[in-house]
Amino acid sequence: MATVSPKCSLSELIIRLFDVDGLKFGNFSMRTGEISPVYVDMRVMWSYPDIVKAVCENIWKLAEGLQYQHICGIPYQGIPMATYLSTSRDIPMLLKRQHVKSYGTGRLIEGHYRDTDVVLLIDDVLMTGGTFLKDVPQFRSEGLEVIDCVVFLDRDQGGADRVSGQLNVKVHSVVTLPQVFEILLKAERVTQSTVDTTLQYLKDNQFHGAVV
Ligand SMILES: O=P(O)(O)OC[C@H]1O[C@H](OP(=O)(O)OP(=O)(O)O)[C@H](O)[C@@H]1O
């Protein structure tokens with residue numbers, strides 16, 4: 001299978017991701033309890049460094065012009081993405097723990113920062129927005145400000161609006177699922193009928209209101 005270059009086109013990257021099973025069609029149980037006809041499994045990219053580089057380069061482009069002093073990846077997938085950008089661009093990174101340890105320093109957010117410093121949050125996928133809705137207040141209660149979040153793929157189920165509406169944080173995405181379908185359709189990787197069914201599902205399964 002041909003690899004992609006870090007500066008490849010978005011279409012090339014999406015097709016590469018599809019070809020390594022990063023985007024699957026079928027019936028998948030989601031965290032929310034729903035059955036989704038599409039599943040985005042960016043976790044497979046860790047086996048393909050060319051995809052990691054291209055995904056992160058797209059995130060970097062997206063973050064151009066945003067104001068922040070630190071970057072932080074959302075556990076788990078966001079952490080190696082943020083590490084790649086931190087070390088390749090010399091941007092200080094913070095690490096947020098899933099669980100605070102009962103020993104050592106007992107910190108939730110590791111790294112050096114000052115009160116009111118701004119942190120840019122990085123993640124692979126956005127679905128309900130529930131992860132940002134849960135995590136952003138934790139950063140804020142540690143004295144950090146969050147103004148922007150960047151994700152590679154937004155499933156387009158209302159998550160970005162929930163986050164901006166409830167937290168006054170903007171979520172930027174490299175690509176949305178409908179855009180992914182367009183690319184895969186053009187490349188003849190999926191049929192029109194799969195796309196139609198899946199688009200209808202996304203339309204019928206929007207998230208609003210309380211944290212999921
Ligand atoms: O917008 P949301 O509905 O919150 O969904 C997005 C989150 O779900 C996935 O993580 P997951 O919880 O599967 O954990 P992982 O990163 O540890 O695989 C993904 O990596 C995001 O962090």
Sub-3.5 Å donor-acceptor pair from the side chain of Arg107 to the main-chain atoms of Ile109, do we have one? yes

So Asp117 and Glu145, side-chain contact (heavy atoms from CB on, under 4.5 Å) or not? Walk me through it. CA-CA 6 Å; Asp117 274 359; Glu145 188 46 278; over 6 Å; no

Could you check if a side-chain atom of Gln166 sits within less than 4.5 angstrom of a side-chain atom of Leu133, using non-hydrogen atoms only? yes

Once you round to the nearest 0.5 Å, how far does CD1 of Ile74 lie from CG of Leu126? 11.0 Å

Taking the side chain as everything from C-beta on, heavy atoms only, tell me whether Thr131 gets closer than 4.5 Å to Arg31. yes

For Tyr39 and Arg43, the nearest pair of non-hydrogen atoms, with its separation, is OH-NH1, 3.2 Å

Have Asp196 and Gln200 got a donor and an acceptor in their side chains that come within less than 3.5 Å? no

For residues Thr191 and Thr194, is any side-chain donor paired with an opposing acceptor at under 3.5 Å? yes

Check whether more than 12 heavy atoms from other residues, nucleotides or ligands sit under 6.0 Å from atom CG of Asp204, and answer yes or no. yes

Gap between atom CG of Leu94 and atom CZ of Phe139 - 0.5 Å precision: 7.5 Å

Between the side chains of Glu64 and Arg89, is the shortest nitrogen-to-carboxylate-oxygen separation below 4.0 Å, so that they form an ion pair? no

Any heavy-atom pair between the side chains of Tyr84 and Ile79 that's under 4.5 Å? no

Determine whether Val119 and Ile71 satisfy the following criterion, side-chain contact (heavy atoms from CB on, under 4.5 Å), listing intermediate values before the conclusion. CA-CA 5 Å; Val119 56; Ile71 58 175; 5.7 Å; no

Shortest non-hydrogen pair, Val44 vs Gly22, comes out as CG2-CA, 3.7 Å

For the residue pair Ala82 and Cys72, what are the closest heavy atoms and their distance? CB-C, 4.1 Å

Could you point out which residue of Lys101, Lys96, Arg97 forms a salt bridge (Lys or Arg N to Asp or Glu O under 4.0 Å) with Glu110? Arg97

Honestly curious: do Met93 and Ile147 fall in one hydrophobic cluster under the side-chain, below-4.5 Å linking rule? yes

Between the side chain of Ser86 and the main-chain N/O of Ile91, is any donor-acceptor distance below 3.5 Å? yes

Met127 side chain reached by Asp154 side chain, heavy atoms, under 4.5 Å: no

Do Leu13 and Val55 come within less than 4.5 Å of each other through their side chains, counting heavy atoms only? yes

Close side-chain approach of Val38 to Arg155, heavy-atom, < 4.5 Å: yes

May I have the step-by-step check of side-chain contact (heavy atoms from CB on, under 4.5 Å) for Arg140 and Leu167, ending in yes or no? CA-CA 11 Å; Arg140 288 179 172 164; Leu167 296 175; 4.1 Å; yes

Please test Phe152 against Asp123 for side-chain contact (heavy atoms from CB on, under 4.5 Å), starting from the C-alpha separation and ending with a verdict. CA-CA 7 Å; Phe152 181 72; Asp123 209 351; over 6 Å; no

Just by modelled atom types, is the Asp156 backbone N or O under 3.5 Å from a matching donor or acceptor in the Gln206 side chain? yes

Just how far is it from atom CZ of Phe132 to atom CZ of Arg162, taken to the nearest 0.5 Å? 12.5 Å

Counting C-beta onward and ignoring hydrogens, is there a side-chain heavy-atom pair between Leu23 and Leu153 closer than 4.5 Å? yes

If we only count heavy atoms from C-beta on, is the Leu120 to Cys149 side-chain gap below 4.5 Å? no

Pairwise salt bridge (charged side-chain N to carboxylate O under 4.0 Å, His left out) hits with a residue in residues 166-194, at least two apart: Asp19-Arg189

Transitive ILVMFWY side-chain link Ile35 to Val195, under 4.5 Å: no

Which heavy atom of Pro6 sits nearest to which heavy atom of Glu57, and what is that distance? O-CB, 3.5 Å

Given the rule that I, L, V, M, F, W and Y join up when any side-chain heavy atoms are under 4.5 Å apart, are Val125 and Trp46 in one cluster? yes

Any idea how Phe25 and Phe18 line up, ring-wise: parallel (<30°), tilted (30 to 60°), or perpendicular (>60°)? tilted

To the nearest 0.5 Å, tell me how far Ser36 OG sits from Asn27 CG. 8.5 Å

Do Ile122 and Tyr76 belong together in a cluster built from hydrophobic side chains that touch within less than 4.5 Å? no

Does any N or O in the side chain of Ser5 come within less than 3.5 Å of the main-chain N or O of Cys8, such that one atom is a donor and the other an acceptor? yes

Taking Gln157 for the side chain and Asn205 for the main chain, is one N or O donor matched with an acceptor at less than 3.5 Å? yes

Checking Ser141 against Gln138: is there a side-chain donor and acceptor pair closer than 3.5 Å? no

If I compare all heavy atoms of Leu185 with all of Val190, which pair ends up nearest, and what's the gap? CD1-O, 3.4 Å

What distance separates Lys7 NZ from Asn58 CG, expressed to the nearest 0.5 Å? 10.0 Å

When you measure from the side chain of Asp50 to the backbone N and O of Val4, does any donor-acceptor pair fall under 3.5 Å? yes

What distance separates Leu202 CG from Thr198 OG1, expressed to the nearest 0.5 Å? 7.0 Å

